[in-house]
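What follows is a set of notes on a single structure, which appears directly below.
The residues of the chain are indexed from 1 along the displayed sequence. Numbering of ligands and ligand atoms starts at 1, following listing order.
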Amino acid sequence: MSDSESGDAQPLAQAEARIAACEDLDALKAVEREYLGKQGMVAQLLASIPEQPPAERPGVGKRANELKRGVQAAVDSHRDALAGARVDAERRGEGFDASLPPPRPQRGSLHPITQVTRELEDLFQSMGYQVLDGPEVETDYYNFEALNIHADHPARDSHDTFFCEGDGHLVMRTHTSPVQARALEKFEPPLRVVAPGKCFRQESVDASHDHTFHQMEGLVIDRDISVAHLVGAMKTLLRGIFDQDLEVRLRPGYFPFVEPGFELDARCPFCQTGCRVCKRTRWIELLPCGLVHPHVLRHGGLDPNEWGGFAFGLGLSRLVMLRHNIDDIRHLLGGDVRFLEQF
Ligand code: PHE
């Protein structure tokens, strides 16, 4: 080492001594900042280069860089040493509080749609319904034809269908009603069925419309079924959902696979005098429903003179929004954990 170099090494030796004397991470950080920070010694040295006589400049730059590397190495190794010392101390039982609660592991939770789906499945199973599943990619036949919506029926327009590639014979199901048609084919009456699941429509997406949403289909087939049975079942459903007995009313509604068809409204469970949810009408639109159309029964191989039934299509997405006061349907399938963590 030449004389001049040993002289230059002095600031580094000083820094190393100060670093070695640091007893904790905070002190170490302060020393590190003093040397390597934005206003630190290294930065000042570098900034001074233009003011040095030209012959000195390369030397100053070199010393600055050596100081920087040396300080960084000393800081890193002392940081490791401090961490090791802490672990050793903890092993000896110092600075370690065994009574502190451990960090909480991240836990998942059931999606609010899964929660209502399971609750309603339990409710209907307790009334003797079976829970069915159906394909989300459905044939034109089950999604429309078997439900009395033939090829040029105007009701097809309102279904905003996603067609799968090919001859248009496969579609993303636009409702859970195709499970009605499948259940009629597969099982002998009498029959009680619910079928929850995803549905798809090519909608312009906004706060109340999404291209993917959830419904729960219901179908009951038996002899001598009347609208009174339908209303009775829906009142039980309401009790299960809102935990109270709510008055209902039927308005006429048109769906090609039920006759008569209805929109069933329930008294608003959230207010006595009108609120935002019921738009001050005291009624909330709950679900479309009706008595199974004779054509649908025939498609399922049943004689409409012998068998009858009712069907309903509960919008699960809307129900979850009502229950949790969610103002935008896009939250449901948006996948944002901050949203999901609330349930
Ligand atoms: N499937 C219908 C829809 O989504 C709703 C419905 C179901 C109507 C069952 C009547 C009976 O538009």
> Is it true that the NZ or CZ of Arg251 lies under 6.0 Å from the centre of Phe262's six-membered ring and within 45 degrees of the ring axis?
Replying inline: no
> Do NZ/NE/NH1/NH2 and the carboxylate oxygens of Asp76 and Arg79 come within less than 4.0 Å?
Replying inline: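 Salt bridge flag = yes for Arg79 with Asp76.
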Within a distance under 4.0 Å of any heavy atom of [X], pick out the atoms of ligand 1 and give their elements.
| X | answer |
| --- | --- |
| Glu217 | 7 (C), 9 (C) |
| Gly313 | 7 (C), 9 (C) |
| Phe257 | 1 (N), 2 (C), 6 (C), 7 (C), 8 (C), 9 (C), 10 (C), 11 (C) |

>> Checking Ser99 against Asp97 for the side chain to side chain donor-acceptor pair (under 3.5 Å) test, could you report, in this order, the C-alpha distance in whole Å, the side-chain angles of both residues, the deciding distance, and whether it holds?
In response: CA-CA 5 Å; Ser99 69; Asp97 183 351; 2.6 Å; yes
N or O contact, [X] vs ligand 1, cut-off under 3.5 Å:
| X | answer |
| --- | --- |
| Ser177 | yes |
| Gln215 | yes |
| His175 | yes |
| Gln180 | no |

>> Is there a path of hydrophobic side-chain contacts, each under 4.5 Å between heavy atoms of I/L/V/M/F/W/Y residues, joining Leu286 to Leu120?
In response: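 Yes, because Leu120 and Leu286 connect within a single hydrophobic cluster, where side-chain heavy atoms sit under 4.5 Å apart.
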> Can you get from Phe339 to Leu110 by hopping between Ile, Leu, Val, Met, Phe, Trp and Tyr side chains that sit under 4.5 Å apart?
Replying inline: no
> Which heavy atom of the protein is the closest neighbour of atom 5 (C) of ligand 1, given with residue, atom name and distance?
Replying inline: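 Scanning the protein heavy atoms, the shortest distance from atom 5 (C) of ligand 1 goes to Pro288 CG, 3.6 Å.
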>> With a heavy-atom distance limit of 4.0 Å, tell me whether Phe312 approaches ligand 1 through its side chain, its backbone, both, or neither.
In response: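 Phe312 to ligand 1: backbone contact only, side chain stays beyond 4.0 Å.
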>> Could you go through His209 and Val205, starting from their C-alpha distance and side-chain angles, then the distance that decides it, and tell me whether this counts as side chain to side chain contact (heavy atoms under 4.5 Å, CB included)?
In response: CA-CA 5 Å; His209 300 88; Val205 171; 5.9 Å; no
> At a 4.0 Å cut-off, with the gap strictly under it, does some heavy atom of Ala311 reach an atom of ligand 1?
Replying inline: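 The answer is yes, since Ala311 has a heavy atom less than 4.0 Å from ligand 1.
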> At a 4.0 Å cut-off, with the gap strictly under it, does some heavy atom of Arg201 reach an atom of ligand 1?
Replying inline: yes
>> Quick one: does any side-chain atom of Arg173 pair with a main-chain N or O of Pro178 as donor and acceptor, under 3.5 Å?
In response: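 Absent.
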> Among Glu136, Gln215, Glu138, which one satisfies side-chain hydrogen bond (donor to acceptor under 3.5 Å, both in side chains) with Thr176?
Replying inline: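 The residue from Glu136, Gln215, Glu138 that satisfies side-chain hydrogen bond (donor to acceptor under 3.5 Å, both in side chains) with Thr176 turns out to be Gln215.
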